[in-house]
Protein chains: 2
Amino acid sequence: MSGQANYARPVTAHGTDRPLPLSVDRTSPVPLYFQLAQQLEAAVEQGRLAPGALLGNEIDLASRLGLSRPTVRQAIQTLVDKGLMVRRRGVGTQVVHSQVRRPLELSSLYDDLETAGQRPATAVLRNTTEPATAEVAAALGVAEGSEVHLVERLRSAHGEPMALLRNHLPPGLVPLRIDELEATGLYRLMRAAGITLHSARQTVGARAATVGEARDLDEEPGAPLLTMERVTYDDTGRVVEFGSHVYRAARYAFEFQLLVRP
Amino acid sequence: MSGQANYARPVTAHGTDRPLPLSVDRTSPVPLYFQLAQQLEAAVEQGRLAPGALLGNEIDLASRLGLSRPTVRQAIQTLVDKGLMVRRRGVGTQVVHSQVRRPLELSSLYDDLETAGQRPATAVLRNTTEPATAEVAAALGVAEGSEVHLVERLRSAHGEPMALLRNHLPPGLVPLRIDELEATGLYRLMRAAGITLHSARQTVGARAATVGEARDLDEEPGAPLLTMERVTYDDTGRVVEFGSHVYRAARYAFEFQLLVRP
DNA sequence: GCCATGGCTATGTCCGGACAAGCGAACTAC
DNA sequence: GTAGTTCGCTTGTCCGGACATAGCCATGGC
């Protein structure tokens, strides 16, 4: 009702409030749109851009930064894709209003545990080659009975077993040494070997523990286990891994963020 | 070898092979980039664009269609985002080489069953309001003890129970009639009420069935169940639903596609 | 036979402009 | 007072161009 601004006033980007300190470095090899996107994302995460806050229109933002509108749009678009912001024609772009975390990424149990502050330990139970069963052959796209690599690991945290990990790999794709497998995760080893992971198809379910699984995981036979099967592809579409994992239900759950595709 | 084309030859978009029939309708209100993206996606799905096939460079494609390069790029970008294609600088854009399906969407069990050809049946066990427990209040962002809407449903397929669905909603958000709840899914009712779903935070785990769950689901007490908890947000960031679902482990699993965010 | 180099190609980034369309608020007519 | 209309705002779409840069091949020197 102040009479001067009838339209929604951007809370931060310009206006009477303290403007956001945004700037780009044209000598940097980092793309301009990426620099801007990073700064905006940091502002959202640190609360300097409050949920619901309007970003201010793209034209002003562009001229303020000495950029063109397409570049600013490209920056904002990456944040919209991440679910951090919403655009509304005729209204503006605003910070999404909820405790949104990251969308689900192709995650590794090792990394998950490490970021959670737990120090994961890995025991390699098997690291050999064996003839592919029908299921494994179909997943890896090789002939049934041909030799494939098998890695079986028991992962623990805080001294308690958490998961039993069985992974099948095409032969000769990555050399896997036991000491490396015990020191880090499989995905890191694959990336270090020059493989660019691209996508994965996962199935998550549940079932009762077998006697062998119960022994390894320190559970009772028949106890509920969380299961995950995953086929991972690299950027050329090759299958690089087929994993069958079981997790102790009391100690692990999958948590992730979904976005509605407009 | 042939002496005329030293560079990788696009298999379909131009060259000696039959070119893809692509065209855009400038009188249509559908955006041009979207028309092109749809046609390319259809060509991939029908196999007219084989996996690994190069798309041909963007400049030619643009001039052939009478479009500008940014528009063509925008079309291709949507397919790259979906994981159907991969760009390589200096090489070109090629169709991804695997049986990639859709990425995980904010899915409804009802829709999942329906598309799988099973005819889901729903029995509404409860449809009332009740005071929010601490857990529900935290999820919905309301005061503990305040009245919230509760819907409890048993979903079956082929005459067998599949899942027990408990959903809490903010009061007064959507009017829910029992006959509607038994005829369709909750998400459809919410969309029909003008709510634009935006994102959800899910946790998937497993546990043993309680006595009551076992009775409803026709399982033994202690049988493994797949559990899913979900908080759903609309595009303004409001929480619109908190769901606690349990599925019979033998009859249901979550299956989804993950993409690595570059 | 091997390696360095240069040139070609295709995507990556960026610009400045233009018009269309959805949205909301204020205004006007009843 | 209420309903319809107008108007200004903002994003959505599209264009044509420009230069940078990564990848690959062929050439030429060793």
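What you see is a predicted model, and the numbers here were worked out from it, not measured in a lab. A, B, ... follow the sequence lines: proteins, then strands. Residue 1 opens every chain.
- Considering only side-chain atoms of B:Thr93, the nucleotide from C:dT11, D:dG12, D:dC14 that sits closest is C:dT11.
- Across the protein-nucleic acid pair, B:Ile76 atom CD1 and C:dT13 atom P stand 14 Å apart, rounded to whole Å.
- Heavy-atom distances under 4.0 Å link DNA chain D to B:Arg26, B:Pro31, B:Leu32, B:Tyr33 of residues 24-35 of chain B, given in residue order.
- A search for side-chain contact (heavy atoms from CB on, under 4.5 Å) contacts involving A:Ala43 returns A:Leu20, A:Arg48, A:Leu49, not counting sequence neighbours.
- Picking from D:dG12, D:dA22, C:dC15 the nucleotide with the shortest atom distance to the side chain of B:Arg89 gives D:dA22.
- Comparing B:Arg69 and A:Val72 along DNA chain C, the residue whose closest nucleotide (by nearest heavy atom) sits nearer the 5' end is B:Arg69.
- Here A:Glu241 pairs with A:Asn167, A:Tyr187, A:Thr232 under the side-chain hydrogen bond (donor to acceptor under 3.5 Å, both in side chains) rule; sequence neighbours left out.
- Put simply, B:Arg87 has no side-chain N or O that comes within less than 4.0 Å of OP1 or OP2 on C:dA10.
- As rounded to whole Å, 16 Å separates atom P of C:dG16 from atom CD of A:Glu58.
- Atom CD1 of A:Ile59 is separated from atom C1' of D:dT13 by 13 Å (rounded to the nearest Å).
- A straight line from CZ of B:Arg73 to C1' of C:dA10 spans 10 Å, rounded to a whole angstrom.
- With sequence neighbours left out, the side-chain hydrogen bond (donor to acceptor under 3.5 Å, both in side chains) criterion links A:Arg73 to A:Glu58.
- Annotation: salt bridge (charged side-chain N to carboxylate O under 4.0 Å, His left out) contacts of B:Arg177 (sequence neighbours excluded): B:Asp179, B:Glu180.
- For the side-chain contact (heavy atoms from CB on, under 4.5 Å) test, residues two or more places apart in sequence or in another chain that qualify with A:Val86 are A:Val96, B:His198.
- Between C:dA10, D:dC14, D:dG12, one nucleotide has an atom nearer to the side chain of B:Thr71 than all others, and that is D:dC14.
- In terms of the side-chain hydrogen bond (donor to acceptor under 3.5 Å, both in side chains) criterion, A:Gln38 has no residue partners (sequence neighbours excluded).
- In this structure, of D:dC24, C:dT11, D:dT11, it is D:dC24 that holds the atom nearest to the side chain of B:Val91.
- Atom P of nucleotide D:dC9 and atom CD of A:Gln94 are separated by 19 Å, given to the nearest angstrom.
- The end-to-end axis angle of the helix from C:dG1-D:dC30 to C:dC30-D:dG1, rounded to 10 degrees and based on five pairs per end, is 0°.
- A salt bridge is defined here as a Lys NZ or Arg NE, NH1 or NH2 lying under 4.0 Å from an Asp or Glu carboxylate O, and A:Asp60 with A:Arg64 fails to meet this definition.
- With sequence neighbours excluded, the residues forming a side-chain hydrogen bond (donor to acceptor under 3.5 Å, both in side chains) with B:Thr129 are B:Glu147, listed by chain and number.
- Atom-to-atom, CE of A:Met85 to P of D:dT11 comes out at 12 Å; the value is rounded to the nearest Å.
- The interatomic distance linking B:Leu55 (CG) with C:dT9 (P) rounds to 18 Å, in whole Å.
- Between B:Leu65 atom CG and D:dC15 atom P the separation is 10 Å, expressed in whole Å.
- Between the side chains of A:Gln77 and A:Arg87, at least one donor N or O lies within less than 3.5 Å of an accepting N or O.
- Using a 4.0 Å cut-off between charged nitrogen and carboxylate oxygen, A:Arg201 and A:Glu229 do not count as a salt-bridge pair.
- Comparing D:dG16, D:dT11, C:dC15 by their closest approach to the side chain of A:Leu67 singles out C:dC15.
- The base of C:dG12 is not paired with the side chain of B:Arg88 by any donor and acceptor separated by under 3.5 Å.
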